[in-house]
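Here it is, the structure, as structure tokens.
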Amino acid sequence: MELGLVGLGKMGGNMRERIRRAGHTVIGYDRNPELADVHSLQELVEKLKGPRVVWVMVPAGEATQSTIDELASLLSPGDIVVDGGNSRWTDDEKHAGELAAKGIGFVDCGVSGGVWGLENGYALMYGGDKEHVARVQPIFDALKPEGDFGSVHAGKVGAGHFAKMVHNGIEYAMMQAFAEGWELLEAVDSVTDVREVFRSWQEGTVIRSWLLDLAVRALDDDEHLEKLRGYAADSGEGRWTVEAAIDNAVPLPAITASLFARFASRQDDSPQMKMIAALRNQFGGHAVESK
């Protein structure tokens, strides 16, 4: 299968490689010419045989909107656009309507896997009409982890990004729990090796997880996280999760508290946020701030 891929950063570049390893043809475009296979969206569209599938992996908001607007003017009826970035689900509904007016299909896809996706595969949550999803399915199969799980048609347009948003909200709360536990262990005199306490939890405990493994990895790199400033950004999905909870009258005390803890990190050099920052760097390659 042929795929056009727009956006070849930390995620998109590795996705291009994983899809190619599965035997598919990927033509990639990025504003950085050193990463790109073609020099413009127009050239990308011209090189693909119809009916085309173009996957967009650019930042949510204006970057996604402008890319979809340009693709809408270049693609033909019967083509499909996949938004694999972290767009808000309400934007998906808007984009689907705009493209449908020109006979172009739309699929939204939440992608989780960070910098480890090339090796381990990406968890995928996608939304859209069944016929559009079926067209993209070979690419989903190439990207997902090996085995029976890791990929789901979550529902209609917007469902993929909504599911990914909730996933990220849960992630916020899990990271916050590890961070709070780590800070408490560090605060007492009786516990003399916090890193090895975390390591001991990796086998046989109910909280063993990939996040715990990454926490141990971060502590191996910097045992007391002394090199990091206690600041952690939020990329939007946590806020949207809380907003959706308010709209639907669903109580989310743990996720909401973890979001507000991120805000607290911007006021002081929070020890908990050192762990949050370290975990985000470990699983997603997100930037950290040094002291």
Side-chain angles (χ1 to χ4, degrees), residues 86 110 112-117 119-120 123 145 149-150 163-246 250-291:
N86 280 329
S112 182
V115 296
W116 298 87
E119 178 183 351
N120 299 333
F149 305 107
K164 176 59 164 49
M165 176 193 75
V166 174
H167 165 280
N168 283 21
I170 293 169
E171 175 189 296
Y172 272 49
M174 292 175 66
M175 288 195 292
Q176 184 64 27
F178 280 122
E180 291 176 6
W182 173 78
E183 182 179 3
L184 180 57
L185 288 166
E186 286 276 342
V188 301
D189 292 334
S190 57
V191 179
T192 57
D193 198 335
V194 175
R195 178 177 60 186
E196 293 310 308
V197 170
F198 261 59
R199 198 187 311 278
S200 75
W201 294 342
Q202 288 182 277
E203 298 293 339
T205 74
V206 72
I207 64 168
R208 63 188 184 274
S209 63
W210 189 45
L211 273 179
L212 176 60
D213 294 342
L214 293 176
V216 172
R217 181 186 174 99
L219 294 173
D220 282 339
D221 292 341
D222 180 5
E223 183 174 356
H224 302 289
L225 303 183
E226 294 170 327
K227 300 174 184 176
L228 299 180
R229 177 174 170 239
Y231 174 96
D234 67 287
S235 54
E237 296 93 334
R239 299 184 190 213
W240 299 341
T241 304
V242 172
E243 290 170 1
I246 294 170
V250 175
L252 300 184
I255 292 173
T256 302
S258 67
L259 174 65
F260 279 91
R262 298 276 182 102
F263 298 159
S265 80
R266 296 161 205 186
Q267 299 170 344
D268 299 299
D269 191 16
S270 165
Q272 293 175 22
M273 288 304 130
K274 291 184 178 183
M275 176 58 78
I276 298 291
L279 283 169
R280 293 179 81 242
N281 178 257
Q282 288 289 329
F283 71 72
H286 300 288
V288 296
E289 294 194 12
S290 299
K291 277 196 168 184

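Basis for what follows: all heavy atoms, side chains included, without hydrogens, waters or symmetry-related copies.
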CG on D221 to CG on L228, rounded to 0.5 Å: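 L228 atom CG to D221 atom CG measures 9.5 Å (nearest 0.5 Å).
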Rounded to the nearest 0.5 Å, the CD atom of Q272 sits from the CH2 atom of W182 at a distance of 9.0 Å
Is there side-chain contact between V216 and W201, with heavy atoms separated by less than 4.5 Å? no
So which atom in A244 and which in M165 form the shortest heavy-atom distance, rounded to 0.1 Å?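 Closest heavy-atom pair between A244 and M165: CB-CE, 4.0 Å.
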Between I170 and I255, which heavy-atom pair has the shortest distance, and what is it? N-CD1, 3.8 Å
Less than 4.0 angstrom from a charged side-chain N to a carboxylate O is my criterion; do D220 and R199 meet it? yes
My understanding is that only residues two or more places apart in sequence, or in another chain, count here; which of them pass salt bridge (charged side-chain N to carboxylate O under 4.0 Å, His left out) with R239? D234
Can you tell me how far CG of L214 sits from CG of L219, rounded to the nearest 0.5 angstrom?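 Taking CG in L219 and CG in L214, the distance rounds to 11.0 Å.
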Can you measure from CE (M175) to CZ (R280) and round to the nearest 0.5 angstrom? 6.5 Å
Checking W240 side chain against G169 main chain: does a donor-acceptor pair fall under 3.5 Å? no
Can you name the closest pair of heavy atoms from A232 and A277 and give their distance? CB-N, 4.4 Å
Can you check whether L185 reaches F198 side chain to side chain, under 4.5 Å on heavy atoms?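 Yes, side chains in contact.
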Shortest non-hydrogen separation from A245 to L252 and the atoms involved: CB-CD1, 3.3 Å
Let me know which of T205, D213, L211 forms a side chain to side chain contact (heavy atoms under 4.5 Å, CB included) with S209.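 The passing option is L211.
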Once salt bridge (charged side-chain N to carboxylate O under 4.0 Å, His left out) is applied, do any residues pair with E186, and if so which ones, sequence neighbours excluded? none
Identify the two heavy atoms, one from R262 and one from A233, that lie closest to each other, and give their separation to 0.1 Å. NH1-O, 2.7 Å
How are the rings of W116 and W210 set to each other: parallel, tilted or perpendicular (split at 30° and 60°)?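 The arrangement is perpendicular - the two ring planes meet at more than 60°.
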Roughly how far, to the nearest 0.5 Å, is the CE atom of M174 from the OG atom of S258? 11.5 Å
Donor-acceptor pair, distance only, cut-off 3.5 Å: does the side chain of N168 make one with the backbone of E237? no
Between S112 and K164, which heavy-atom pair has the shortest distance, and what is it? CB-CE, 3.7 Å
Spatial distance of atom CG (L225) from atom CD (E183) [nearest 0.5 Å]: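 Here the interatomic distance stands at 11.0 Å.
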Side-chain donor or acceptor of T256 paired with backbone N/O of V242 under 3.5 Å: no
Test side chain to side chain contact (heavy atoms under 4.5 Å, CB included) on V191 and E196 and set out the steps. CA-CA 10 Å; V191 179; E196 293 310 308; over 6 Å; no
